[in-house]
There are 2 protein chains.
Amino acid sequence: MSSPAVIPRMKSEDRRELVLTAATAVFGQNGYVGTTTDQVAKAAGVSQPYVVRMFGTKQALFLEVLERALAALLATFRSELARSGTEPLKVRLGTAYAALSVDQTGLLLCLMHAFVLGGDREIGPVARRGFLEVNDFLIDEAGFTQDEATQFLAYGMLMNTLVGIHMQNELGSNPRAQELMFCAFPDTPETDFPK
Amino acid sequence: MSSPAVIPRMKSEDRRELVLTAATAVFGQNGYVGTTTDQVAKAAGVSQPYVVRMFGTKQALFLEVLERALAALLATFRSELARSGTEPLKVRLGTAYAALSVDQTGLLLCLMHAFVLGGDREIGPVARRGFLEVNDFLIDEAGFTQDEATQFLAYGMLMNTLVGIHMQNELGSNPRAQELMFCAFPDTPETDFPK
DNA sequence: GTCTATAGGATGATAGAC
DNA sequence: GTCTATCATCCTATAGAC
């Protein structure tokens, strides 16, 4: 039998997960165009050509990151929906979203970056479908009216924006920024924001 | 005296305006990183090196676009504030924002693209200051509470997102998308959306 | 004031070894 | 399964003519 190589190996699936996780973080930070496959490779600890080899193209990688981000968001919502809680569903889902928003994964930021690329021939349709899927969830599964869903989405987009703009950098110096953040993330302690 | 050149010439200021307007549209469509100085040049009808020559760097051009977009937004708000109207100020400012949102200029989309680049060393601080300036306006000049300002900003970010994602593409085929758009843009007729 | 030509530096993707 | 080497493309920015 052949001896294990000196260089660490993994099963395809595991390495894929690793790269996808790294890619989510990097894409979330720098956006689709702003991210290089080399950055992703370095973050995942593999070589740049290997990243391309695994996913075919940078675009295909991003699309897979998007699909997974959307799936993770919906899974989080459904898990919260299945739980029993004293607070109204709106609040509970909002809190769940806020938690995803401030975690380090870059999940929601990737979605946000996709949302402003509606003009892209391949990414645009996926982004729109994803957005509408969340809207559908809120109405069909969570029982929101369209008005409620719209408001929920609005606050979600604000949270995404505040995290994307790194507003937490101003928390120390600007009292107005502090009030705004407290208002947009009612039950998220300052210490939960990255960096 | 020297005869006028064959190639059309303009005063520096006029050409600057022209390029800045073109740049706003292109940056709004493709984002900061996704835009090439050549695209801007073509849109403005000048050569690529001339665009760089005028503004020094692509980044400097984008920053100037940002400053102008922010100034235009605040000017629109202040103009609406100065006007007398029967509807509540919240609604009037919202309508003004929606109008800016769907016009062809790309103004608000440029801001949105900047908002998700908070990690950028030069663009990040400008984006944060711009966002907070709008928040300040809403509180100090329009008389909103922080809660009201936050809600206003939330719906603004949703409008930006819906335009950026090109949700109007789904208006014909998807009734849910239609309801969502109608809910987010209450008094904007379908025909006002681009394309 | 504006252009053409081009240098110089990434970056996505391919080829092929191990 | 994973790497090294490398190509080809694109893009910002500079040089210099008109």
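Labels below follow one simple rule: chain letters A, B, ... track the order of the sequence lines, proteins then strands, and each chain is numbered from 1.
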With sequence neighbours left out, write down each residue that passes salt bridge (charged side-chain N to carboxylate O under 4.0 Å, His left out) with [X], or none if nothing qualifies.
| X | result |
| --- | --- |
| A:Asp140 | B:Arg176 |
| A:Glu17 | A:Arg68 |
| A:Glu141 | A:Arg78 |
| A:Glu80 | A:Arg83, A:Arg92 |

Check: Do side-chain atoms of A:Ser101 reach the backbone of A:Tyr97 as a donor and acceptor pair under 3.5 angstrom?
Finding: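 No, the answer is negative, given that no donor and acceptor are paired below the 3.5 Å cut-off.
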Check: Relative to the 5' end of DNA chain C, which residue comes earlier, A:Val33 or B:Lys11, by the nucleotide with the nearest heavy atom?
Finding: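 It is B:Lys11 whose nearest nucleotide is closer to the 5' end.
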Rounded to whole angstrom units, what separation is found between the [atom1] atom of [X] and the [atom2] atom of [N]?
| X | N | atom1 | atom2 | value |
| --- | --- | --- | --- | --- |
| A:Lys58 | D:dT9 | NZ | P | 18 Å |
| B:Phe27 | D:dT12 | CZ | C1' | 12 Å |
| A:Arg15 | D:dT2 | CZ | C1' | 8 Å |
| B:Met10 | C:dT2 | CE | P | 8 Å |
| A:Leu61 | C:dG12 | CG | P | 11 Å |
| B:Met54 | D:dT14 | CE | C1' | 16 Å |
| A:Asp38 | D:dT6 | CG | P | 17 Å |

Note to self: So, OP1 or OP2 of C:dG12: does either fall under 4.0 Å of a side-chain N or O from A:Thr37?
What the structure shows: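 Yes.
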Notebook entry, point to check: Which residue, B:Gly56 or B:Arg53, contacts DNA chain D at a nucleotide closer to its 5' end, judged by nearest heavy atom?
Noted result: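 Looking at the nearest nucleotide for each, B:Gly56 comes out on the 5' side.
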Next item on the list: If a pair satisfies salt bridge (Lys or Arg N to Asp or Glu O under 4.0 Å) and one of its residues is in residues 19-47 of chain A, list it, with sequence neighbours excluded.
Entry: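 Pairs touching residues 19-47 of chain A that pass the test: A:Asp38-A:Lys42.
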Notebook entry, point to check: Between residues 39-51 of chain B and DNA chain D, which residues have a heavy-atom gap below 4.0 Å?
Noted result: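 Nucleic-acid contacts, sorted: B:Gln48, B:Pro49.
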